[in-house]
Amino acid sequence: MTVFDWGDRTRAELGEVLPEALVVLPFGATEQHGPHLATGTDALMAATIAQRAVERAGRSCRRDLVLAPCLPFGASDHHLPFGGTLSLTTEVAVAVLTDLARSVATCGGRRLVVVNGHGGNQGVCHAAAAAASARYGLSVSTVHYWNLVADRPAVPVPGHAGEFETSLVLAVDPELAQRPVERTALPETPSLPGVDVHNQGDWLRIDGYTDRPERASAGSGSKWLDEIVAALADRLLALAELP
């Protein structure tokens with residue numbers, strides 16, 4: 001089937017394909033990523049991964065795939081103290097994502113996949129997907145891209161501006177990554193298995209980034225990126241088979 005870029009098509013072209021298409025919406029953020037990564041990292045990764053997966057899945061997908069423009073702002077209030085962050089409040093982020101889903105439905109779409117690139121958007125995605133599905137009759141799926149390789153023991157996820165994300169940026173656009181300072185010791189952040197703890201003080205203690213970004217490499221990033229794209233393409237093909 002055909003891959004469409006939403007922003008390049010006319011209303012008539014979109015209206016013709018949306019009822020049977022799978023719409024893919026990348027959802028990122030613009031926020032501080034430590035002293036070494038560009039603030040647009042999450043939007044860059046969400047958009048890159050979504051585009052590559054759509055192109056790969058489009059070779060054998062039984063439905064048309066429509067790639068929507070990336071939403072570059074998310075729920076990033078916890079990064080505001082560091083500067084360099086453009087954030088929506090959680091409530092507004094849920095409303096924005098729900099409204100975009102409503103727009104897809106109003107335009108005739110019936111299937112939406114949100115490809116999330118920011119950890120702080122996870123709750124937003126869940127709430128918006130549930131609301132949009134119930135209100136507008138959409139089938140809404142969400143994918144947090146790092147979860148697609150989280151079962152690999154050698155992949156250091158989750159993290160924020162650590163080895164994993166820094167490697168991905170080096171693989172996609174090395175000019176957006178500066179050489180990180182080597183950490184002599186990792187700051188400790190308390191954790192309990194099966195419990196999500198939100199504590200602004202934890203972010204301040206780790207200077208706004210996690211683990212060991214100095215261990216990042218473009219080679220690792222390219223390998224992980226290929227695995228993520230392949231896994232997401234497989235998910236898109238499976239979602240296209242659903243009624």
With a 4.5 Å cut-off on side-chain heavy-atom distances among I, L, V, M, F, W and Y, is there a chain of contacts connecting [X] to [Y]?
X    : Y    : value
V157 : V229 : yes
L138 : V124 : yes
Y136 : V23  : no
L25  : M45  : no
V54  : L112 : no

If every non-hydrogen atom of [X] is compared with every non-hydrogen atom of [Y], which pair is closest and at what distance?
X    : Y    : value
D211 : G159 : OD2-CA, 4.2 Å
A46  : P26  : O-CB, 3.7 Å
A57  : L237 : O-CD2, 3.5 Å
C107 : W6   : SG-CZ2, 4.3 Å
A53  : A233 : O-CB, 3.7 Å

Nearest-0.5 Å distance, [atom1] of residue [X] to [atom2] of residue [Y]:
X    : Y    : atom1 : atom2 : answer
N116 : Y145 : CG    : OH    : 9.0 Å
T48  : L225 : OG1   : CG    : 7.5 Å
K223 : S217 : NZ    : OG    : 10.5 Å
R111 : L18  : CZ    : CG    : 10.5 Å
L37  : Y209 : CG    : OH    : 10.5 Å
L239 : L65  : CG    : CG    : 10.5 Å

May I ask you to test the [X]-[Y] pair for a side-chain heavy-atom distance under 4.5 Å?
X    : Y    : result
P35  : Q178 : no
I206 : D202 : no
T2   : F4   : yes
F27  : L100 : no
V96  : L71  : yes
L148 : L232 : yes
P174 : V169 : no
N199 : R205 : yes

Exercise for the section: Anything under 30° is parallel, anything over 60° is perpendicular, the rest tilted; go ahead and classify H79 against F82. Expected result: tilted
SB check [X] [Y] (cutoff 4.0 Å):
X    : Y    : value
D99  : R102 : yes
E214 : R183 : no
E163 : R212 : no

Looking at [X] and [Y], would you say the former's side chain and the latter's main chain have a donor-acceptor pair under 3.5 Å?
X    : Y    : value
R56  : D234 : no
S87  : D77  : yes
N121 : G28  : yes
H33  : E31  : yes
R110 : P19  : yes
R63  : E20  : yes
H118 : T30  : no
E16  : E13  : no
D64  : L22  : no
T166 : G162 : yes

Problem - Exercise: do S103 and T106 side chains pair donor with acceptor under 3.5 Å - result: no
Exercise for the section: Take W146 and E165, measure what side chain to side chain contact (heavy atoms under 4.5 Å, CB included) needs, and give me the verdict at the end. Expected result: CA-CA 9 Å; W146 54 91; E165 271 194 317; over 6 Å; no
Practice task
Could you tell me whether R62 atom CZ has more than 12 heavy atoms of other residues or ligands within 6.0 Å of it?
Solution key: yes
Practice task
Kindly confirm or rule out a cation-pi arrangement of R215 over F164, judged by NZ or CZ under 6.0 Å from the six-membered ring centre and within 45° of its axis?
Solution key: no
Exercise for the section: Take H198 and H78, measure what ring-ring contact (aromatic ring centres under 6.0 Å, His included) needs, and give me the verdict at the end. Expected result: CA-CA 9 Å; H198 297 266; H78 48 298; 8.2 Å; no
Completion exercise
side chain to side chain contact (heavy atoms under 4.5 Å, CB included) test vs F73 passes for just one of V92, D42, L86, namely L86
Problem - Option from N147, I49, V155, V143 for which side chain to side chain contact (heavy atoms under 4.5 Å, CB included) with I228 holds - result: I49
Problem - Check against side chain to side chain contact (heavy atoms under 4.5 Å, CB included), V114 and S141 - result: CA-CA 6 Å; V114 179; S141 308; over 6 Å; no
